[in-house]
Amino acid sequence: MDSDSRNRLLEEMSDCMVRDTGVEEMMRRVCAFFSAPRGGICRTEGEKKPVLLAGCGFDGEKEAEEAVQNLREKEEETSYILYPYDFPDFSGFLFLERPSVDGKTEKMQQMLGEICRNMYIAIHHRELVQQLQQREEELQYVCNALLEIKEKEEKRIALELHDEIGQNLTSMLLYLRLCQKEPAGERLTEILTKLRLLVSETLSETRRIVRHMRPKELEELGLVPALYWYFSEYKKRQPQISFVHTISISDLRIPEEAEMALYRVIVEALTNISRHAQADHVCFSMAREENRLHVQVEDNGCGMELESAKQRGMGLLGMQERIHRAGGHFFLDSAPGSGTRLSIWLPLAAKEIEDRGRD
């Protein structure tokens with residue numbers, strides 16, 4: 001087998017990568033080059049069974065899997081070429097069945113090494129493209145869901161303004177009309193007293209709505225005081241839940257975007273627990289671990305199927321996206337009947353945090 005033929009094969013493999021023809025097409029060309037009826041490239045991970053990444057000549061996945069599992073028995077047979085490879089984060093072997101050449105010569109071993117390098121590049125490229133496509137789909141889903149959430153939030157605020165503040169303003173208007181008709185005396189004093197109380201109530205309701213949208217503690221004092229305030233409100237609204245929180249950080253100032261993202265995710269996690277988890281015990285913890293902030297929320301509720309939960313709405317993907325945009329990592333562990341554990345890791349610079357061991 002001359003060098004021109006080998007070079008031509010490598011060029012064809014490169015063309016497949018440039019044209020994005022696919023790893024399978026590259027494998028077919030390799031089998032044709034060696035006149036091998038069947039072949040493939042596999043990945044191995046520790047003690048796990050080899051995984052076929054691309055194959056040629058097999059009649060279905062089952063036949064391919066059976067052939068791969070029996071390869072080690074044929075390693076010494078001359079009717080097989082079995083070439084192991086080891087690249088960064090990627091190891092395995094290339095195999096060819098009944099090739100037309102002896103694969104154990106020095107030239108063939110060099111040739112097989114070049115083939116494996118090209119296959120590694122193609123497979124790595126394919127996996128990166130798949131990851132990017134998956135990420136793009138998730139981002140599109142999150143963007144659509146964010147628009148839906150925004151519309152629902154606007155509707156909720158509009159209803160609160162209409163039901164609470166709108167009704168109060170209507171009552172104020174009626175009281176003011178009565179004041180215009182009522183002469184000075186006890187009756188007018190009574191109406192003005194009711195009007196004053198109504199104004200005070202409306203002002204408190206307005207502040208509540210604004211505070212819910214963006215707590216002033218978060219902007220003025222930082223994340224920890226805002227969480228303490230929210231936790232006290234949460235306990236009042238959810239008396240059926242035993243809520244235990246441990247914050248071992250007394251003073252924490254991180255970038256505003258990260259603070260808001262973390263606060264929103266924590267609020268949404270606790271809201272989801274009260275609405276869906278059927279839990280009666282919730283534990284929250286926040287601590288510094290080396291140069292990272294670790295937040296954990298755990299409940300003893302009904303748990304969930306993570307994949308199906310991701311498909312039901314913004315929920316998990318939206319929370320995950322907030323943390324990723326803040327430079328952190330988001331982990332969720334749950335199963336039906338086993339409760340749920342949410343873990344968040346956020347990078348911190350040493351100067352951004354002062355740890356005084358406060359629980």
Side-chain angles (χ1 to χ4, degrees), residues 3 5-34 36 38-58 60-72 75 80-97 99 103 106-142 306-307 310 317 320-321 323-325 327-331 345 347:
S3 59
S5 299
R6 293 195 295 270
N7 292 335
R8 190 161 50 250
L9 171 63
L10 295 175
E11 288 177 4
E12 289 176 356
M13 294 179 71
S14 298
D15 289 341
C16 289
M17 284 190 286
V18 172
R19 296 197 307 267
D20 198 23
T21 310
V23 180
E24 288 74 14
E25 175 63 23
M26 295 175 71
M27 196 65 237
R28 283 194 290 272
R29 300 205 179 196
V30 170
C31 285
F33 179 82
F34 286 97
R38 301 198 308 183
I41 187 165
C42 299
R43 170 185 281 170
T44 55
E45 297 180 5
E47 299 299 322
K48 295 181 180 179
K49 294 180 179 179
V51 177
L52 182 66
L53 301 176
C56 172
F58 297 104
E61 292 184 6
K62 185 176 180 181
E63 182 179 286
E65 289 176 3
E66 291 176 353
V68 169
Q69 301 312 319
N70 295 329
L71 279 175
R72 291 301 181 188
E75 190 168 4
Y80 270 79
I81 289 178
L82 197 62
Y83 183 85
Y85 61 86
D86 188 10
F87 298 108
D89 68 21
F90 197 101
S91 59
F93 55 86
L94 173 78
F95 70 94
L96 297 165
E97 181 178 332
E106 183 178 350
K107 287 186 177 181
M108 277 299 103
Q109 288 289 299
Q110 292 176 354
M111 177 70 176
L112 290 168
E114 293 182 40
I115 290 172
C116 286
R117 276 191 291 274
N118 282 356
M119 294 292 289
Y120 163 71
I121 293 170
I123 292 169
H124 190 58
H125 174 263
R126 180 178 69 178
E127 291 179 347
L128 287 175
V129 170
Q130 290 173 346
Q131 290 173 9
L132 288 172
Q133 289 174 342
Q134 182 181 357
R135 184 66 173 158
E136 185 178 352
E137 290 173 1
E138 289 179 354
L139 286 174
Q140 185 62 49
Y141 177 81
V142 168
L306 293 180
E307 288 304 318
K310 288 179 181 178
L317 284 178
Q320 179 176 306
E321 186 61 25
I323 298 302
H324 283 174
R325 289 181 63 185
H329 298 279
F330 178 97
F331 302 97
W345 296 89

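Here the structure is a predicted model, which is why all the values come from computation and not from measurement. We count residues from 1, following the sequence as given.
- One distance of note links CD of Glu114 with CG of Asn7; it measures 8.0 Å at 0.5 Å rounding.
- Sparse packing is recorded around CD of Glu106, with 12 or fewer heavy atoms of other residues, nucleotides or ligands lying under 6.0 Å away.
- Every side-chain contact (heavy atoms from CB on, under 4.5 Å) that Phe87 has, sequence neighbours left out, goes to Tyr85, Phe90, Cys116, Arg117, Tyr120.
- Scanning for salt bridge (charged side-chain N to carboxylate O under 4.0 Å, His left out) contacts around Glu127 gives Arg43, with sequence neighbours left out.
- Counting heavy atoms from C-beta on, the side chains of Gln131 and Leu128 come closer than 4.5 Å.
- For the pair Val30/Glu12, no side-chain contact is recorded, criterion being any heavy-atom separation below 4.5 Å from C-beta on.
- Under the 4.5 Å side-chain criterion, counting only non-hydrogen atoms from C-beta, Met111 is in contact with Leu9.
- One distance of note links CZ of Phe330 with NE2 of His324; it measures 8.5 Å at 0.5 Å rounding.
- In this structure, His125 and Val23 have side chains that are not in contact, with every pair of non-hydrogen atoms separated by 4.5 Å or more.
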* To do: Take Met108 and Ile81 through the test side-chain contact (heavy atoms from CB on, under 4.5 Å) and record every step on the way to the result.
  => CA-CA 10 Å; Met108 277 299 103; Ile81 289 178; 6.0 Å; no
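- Atom NE2 of His329 is surrounded by 12 or fewer heavy atoms from other residues, nucleotides or ligands within 6.0 Å.
- The minimum heavy-atom distance between Cys42 and Pro50, with the atom names listed, is CB-CB, 4.3 Å.
- Annotation for Cys31 and Cys56: closest pair SG-CB, 3.6 Å, computed over non-hydrogen atoms.
- Pairing each heavy atom of Gly40 with each of Leu94, the nearest pair is O-CD1, 3.4 Å.
- At least one side-chain heavy atom of Arg8 sits under 4.5 Å from a side-chain heavy atom of Ser5.
- Put simply, CD on Gln110 and CD1 on Ile115 are 12.0 Å apart, with the number rounded to the nearest 0.5 Å.
- Met27 and Ile41 get closest at one heavy-atom pair: SD-N, 4.0 Å.
- Rounded to the nearest 0.5 angstrom, Leu112 CG and Lys107 NZ are separated by 14.0 Å.
- Judged as a side-chain hydrogen bond (donor to acceptor under 3.5 Å, both in side chains), and not counting sequence neighbours, the contacts of Arg135 are Glu321.
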* Asked: How far apart are the C-alpha atoms of Arg29 and Glu25, what are their side-chain angles, what is the distance that settles it, and do they pass the salt bridge (Lys or Arg N to Asp or Glu O under 4.0 Å) test?
  -> CA-CA 6 Å; Arg29 300 205 179 196; Glu25 175 63 23; 3.0 Å; yes
* To do: Apply side-chain contact (heavy atoms from CB on, under 4.5 Å) to the pair Phe33 and Met13, showing each step before the final yes or no.
  => CA-CA 11 Å; Phe33 179 82; Met13 294 179 71; over 6 Å; no
